[in-house]
Undergrad: 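Before anything else, here's the structure in question.
Here the structure is a predicted model, which means the values were calculated and not measured. For the numbers below, each heavy atom of this structure counts, side chains included, while hydrogens, waters and symmetry mates do not. All residue numbers refer to positions in the sequence shown, counting from 1.
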Amino acid sequence: MKRVVITGMGVISPIGNNVADFWSNVRAGKVGIGPITRFDTADYKVKLAAEVHDFDAKDFMDSRSAKRMELFCQYAVAAAAEALKDSDIHMEKEDPYRVGVCIGSGTGSLQAMEREYKKLLDRGPGRVGPLLVPMMIANMAAGNVAIQYGCKGKCIDVTTACATGTHSVGEAYRSIQHGEADVMLAGGTEAAICPLGIAGFTALTALSQADDPMRACLPFDKDRSGFVMGEGAGVLILESLEHAAKRGARIYGEVKGYGATCDAYHITSPAEDGMGAAMAMKYAMEEAGWRPEDVDYINAHGTGTHHNDLFETRAVKQAFGQQAGNVKISSTKSMIGHLLGAAGAVELIACVKSIEEGWIHPTVGLVTPGEECDLDYVPGSGVAAKVERVLSNSLGFGGHNATVAVAGFQE
């Protein structure tokens with residue numbers, strides 16, 4: 001099995017459109033939640049979301065390319081651009097058939113569906129745009145990144161709802177481990193803050209209807225009332241250690257393990273005993289060769305919904321046993337909302353920065369823990385700590401569970 005390292009990262013997020021700004025704002029505890037500006041919410045119960053601001057697709061691609069991409073694809077291409085630059089990979093020096101892409105989206109473009117369905121109803125089937133399908137389907141984020149940067153190797157799209165980003169990194173890791181690629185651009189992207197997206201999740205009673213941005217997304221708090229829709233993209237450059245060493249790459253960390261399971265329980269609720277998520281953590285730790293006491297930090301899925309936070313807490317207790325109370329846990333979503341298919345990738349980047357800087361961010365907004373939420377969720381402010389081994393969790397509708405284990409690099 002080849003060792004797999006992280007050599008580049010790129011982010012588009014509600015609190016920064018590059019890794020430096022994103023991480024600076026994470027360290028400052030900035031909350032990127034505010035009133036929805038994409039459409040008129042007068043008739044909607046949900047008024048808040050975590051939108052990306054100051055994004056111009058033409059900063060990352062030509063106008064013609066931008067017009068042929070929906071927002072979720074634009075975000076992916078932009079995050080990939082930063083990640084490639086950060087890694088100092090030059091595609092003209094690479095065998096393009098050894099550079100692959102695994103970037104997923106949970107929804108694809110709901111906006112394209114809204115826009116073209118309205119044309120269908122108002123003007124008939126002959127007026128539906130010819131590019132509806134290639135602009136709508138979720139795999140086009142990976143496809144557009146590959147086209148934009150000339151990646152001719154394995155190109156796949158993982159769609160596992162809110163676990164998409166973490167599964168994408170895990171599957172890219174497996175691809176390199178087994179020699180299918182030398183380099184993979186891995187991550188997730190999402191842009192679903194639109195009438196259909198907000199209305200659908202509201203009908204599901206999944207979204208917070210709070211009107212105070214600072215009290216809307218409250219993972220593990222007794223006052224949590226649902227998640228806040230976010231958007232953005234996260235892309236990481238994964239390489240075989242051999243390939244990275246040969247080109248003298250800077251290495252941020254090493255992917256040490258990956259666990260993936262299914263609750264096989266319910267289409268939206270995690271399993272009540274947490275065993276599905278617990279087994280994903282156990283599998284990741286087992287592959288990494290870690291015991292529970294070796295793990296310094298868990299970046300929780302931590303959505304701010306009642307069931308997720310309660311059942312994820314139970315999962316940590318199942319996986320860690322007596323060590324559960326000793327590991328620090330926090331939710332990046334407390335600042336950026338829930339980026340759906342992009343969440344796991346952006347949160348993994350936060351994990352890598354935690355390792356790099358020896359600092360764990362807080363669960364912002366956590367004041368009074370909810371019932372059974374009795375672990376160390378890092379309330380208040382962040383803490384300086386030796387961070388060498390980290391787990392990043394994601395749970396998705398359909399019962400999908402994914403955990404990636406990442407550690408600081410050692411020869």
Side-chain angles (χ1 to χ4, degrees), residues 4-14 16-19 22-23 52 60 69 71-87 89 99-108 138-146 148-149 151 153-176 181 183-192 230-239 252-253 255 258 260 299 301 332-333 336 338-353 392-394 396 400 402-404 406:
V4 180
V5 295
I6 299 167
T7 59
M9 301 183 291
V11 166
I12 299 294
S13 83
N17 293 337
N18 55 67
V19 172
F22 164 72
W23 184 245
V52 167
F60 306 95
M69 291 185 210
L71 193 56
F72 81 104
C73 288
Q74 294 176 354
Y75 286 165
V77 168
E82 183 188 10
L84 283 167
K85 182 177 180 181
D86 186 42
S87 71
I89 284 178
V99 181
V101 180
C102 183
I103 296 174
S105 170
T107 66
N139 70 296
M140 289 308 295
N144 275 308
V145 167
Q148 194 77 9
Y149 303 113
C151 308
K154 182 177 186 178
C155 185
I156 57 175
D157 160 57
V158 175
T159 297
T160 50
C162 308
T164 294
T166 300
H167 275 131
S168 294
V169 172
E171 296 302 316
Y173 161 66
R174 287 277 184 261
S175 296
I176 296 173
V183 180
M184 292 289 291
L185 284 70
T189 185
E190 208 77 83
E231 62 176 355
V235 174
L236 299 96
I237 305 297
L238 306 188
E239 290 186 61
Y252 285 111
V255 182
Y258 168 47
N299 189 290
H301 190 56
T332 310
K333 292 180 182 70
I336 63 173
H338 193 346
L339 274 58
L340 306 181
V346 174
E347 290 158 11
L348 186 60
I349 290 170
C351 291
V352 173
K353 296 300 291 184
S392 184
N393 288 340
S394 291
H400 306 291
T403 299
V404 170
V406 175

Undergrad: Could you give me the CA-CA distance, side-chain angles and deciding distance for Ser394 and Thr166, then say whether side-chain hydrogen bond (donor to acceptor under 3.5 Å, both in side chains) is met?
TA: CA-CA 6 Å; Ser394 291; Thr166 300; 2.6 Å; yes

Undergrad: Of the non-hydrogen atoms in Cys102 and Ala172, which two are nearest, and what is the gap between them?
TA: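 That closest heavy-atom pairing would be CB-CB, 4.1 Å.
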
Undergrad: Answer yes or no: is there a side-chain heavy-atom contact under 4.5 Å between Thr189 and Cys73?
TA: no

Undergrad: When rounded to the nearest 0.5 angstrom, what distance separates CG in Leu185 from CD1 in Ile89?
TA: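 Nearest 0.5 Å value for the CG-CD1 distance: 7.0 Å.
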
Undergrad: Could you tell me whether the side chain of Val101 reaches within less than 4.5 Å of the side chain of Cys151, counting heavy atoms only?
TA: yes

Undergrad: Find out whether Tyr252 and Thr7 are in side-chain contact, i.e. whether some heavy atom of one side chain is under 4.5 Å from a heavy atom of the other.
TA: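 They are not in side-chain contact.
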
Undergrad: Please assess Gln74 against Leu71 for the test side chain to side chain contact (heavy atoms under 4.5 Å, CB included), listing each intermediate value before the final yes or no.
TA: CA-CA 5 Å; Gln74 294 176 354; Leu71 193 56; 3.5 Å; yes

Undergrad: Using 0.5 Å steps for rounding, measure from the OG atom of Ser175 to the CE atom of Met184.
TA: 4.5 Å

Undergrad: Any chance you could lay out the side chain to side chain contact (heavy atoms under 4.5 Å, CB included) test for Val5 and Val255, step after step, and finish with the verdict?
TA: CA-CA 6 Å; Val5 295; Val255 182; over 6 Å; no

Undergrad: For a 4.5 angstrom cut-off between non-hydrogen side-chain atoms, does Asn393 reach Asn299?
TA: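 Asn393 vs Asn299: side chains apart.
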
Undergrad: Quick one: side chain to side chain contact (heavy atoms under 4.5 Å, CB included) partners of Phe60, sequence neighbours excluded?
TA: Phe55, Ala78, Ala81

Undergrad: Of all heavy-atom pairs between Ala342 and Ala233, which one has the smallest distance, and what is that distance?
TA: CB-CA, 4.0 Å

Undergrad: Between Asp86 and Glu82 (side chain of the first, backbone of the second, donor and acceptor by atom type, cut-off under 3.5 Å), is there such a pair?
TA: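 No, Asp86 side chain to Glu82 backbone: no donor-acceptor pair under 3.5 Å.
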
Undergrad: For residues Ala80 and Val145, report the shortest heavy-atom separation together with the two atoms involved.
TA: CB-CG1, 3.9 Å

Undergrad: Answer yes or no: is there a donor N or O on one side and an acceptor on the other, between the side chain of Tyr149 and the main chain of Val77, under 3.5 Å?
TA: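 Checked: pair present.
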
Undergrad: With sequence neighbours left out, write down each residue that passes ring pair (Phe, Tyr, Trp, His ring centres under 6.0 Å) with His338, or none if nothing qualifies.
TA: Phe227, His301

Undergrad: Hey, mind stepping through Glu231 and Glu190 against side chain to side chain contact (heavy atoms under 4.5 Å, CB included) and telling me if it holds?
TA: CA-CA 5 Å; Glu231 62 176 355; Glu190 208 77 83; 5.5 Å; no

Undergrad: Between Glu347 and Ser392, does any side-chain donor sit less than 3.5 Å from a side-chain acceptor?
TA: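 No, no side-chain donor-acceptor pair sits under 3.5 Å.
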
Undergrad: Quick one: CD on Glu239 to OG on Ser87, what's the gap to the nearest 0.5 Å?
TA: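 These two atoms lie 6.5 Å from each other.
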
Undergrad: Is the shortest side-chain heavy-atom distance between Ile237 and Met9 below 4.5 Å?
TA: no

Undergrad: Over all heavy atoms of both residues, which pair between Ile103 and Ala76 is shortest? Give the atoms and the distance, please.
TA: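 Closest approach of Ile103 to Ala76, heavy atoms only: CG2-CB, 4.3 Å.
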
Undergrad: Quick one: does Thr160's side chain get under 4.5 Å of Ser168's, heavy atoms only?
TA: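 Thr160 vs Ser168: side chains apart.
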
Undergrad: Mind checking the OG1-CZ spacing from Thr107 to Phe72? Nearest 0.5 Å is all I need.
TA: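 Rounded to the nearest 0.5 Å, the OG1-CZ separation comes to 7.5 Å.
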
Undergrad: What's the separation between atom CD in Gln148 and atom CG in Leu84, rounded to the nearest 0.5 Å?
TA: 10.5 Å

Undergrad: Looking at every heavy atom in both Lys353 and Val19, which two are closest together, and how far apart are they?
TA: CD-CG1, 4.2 Å

Undergrad: Can you name the nearest heavy-atom pair linking Gly232 to Val52, along with the distance?
TA: CA-CG2, 4.1 Å

Undergrad: Does a side chain donor of either Tyr258 or Glu171 reach within less than 3.5 Å of an acceptor in the other side chain?
TA: yes

Undergrad: Going through the checks in order, is the side chain to side chain contact (heavy atoms under 4.5 Å, CB included) test met by Ile336 and Phe22?
TA: CA-CA 10 Å; Ile336 63 173; Phe22 164 72; 4.2 Å; yes

Undergrad: For Asp157, which residues count as a salt bridge (Lys or Arg N to Asp or Glu O under 4.0 Å) partner, sequence neighbours excluded?
TA: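 So Asp157 forms no salt bridge (Lys or Arg N to Asp or Glu O under 4.0 Å) with any residue.
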
Undergrad: Quick one: pull up OG1 in Thr332 and CG in Leu348 and give me the separation to the nearest 0.5 Å.
TA: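 So the OG1 of Thr332 and the CG of Leu348 are separated by 10.0 Å.
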
Undergrad: State, with a plain yes or no, whether a side-chain heavy atom of Leu238 is found less than 4.5 Å away from one of Ile6.
TA: yes

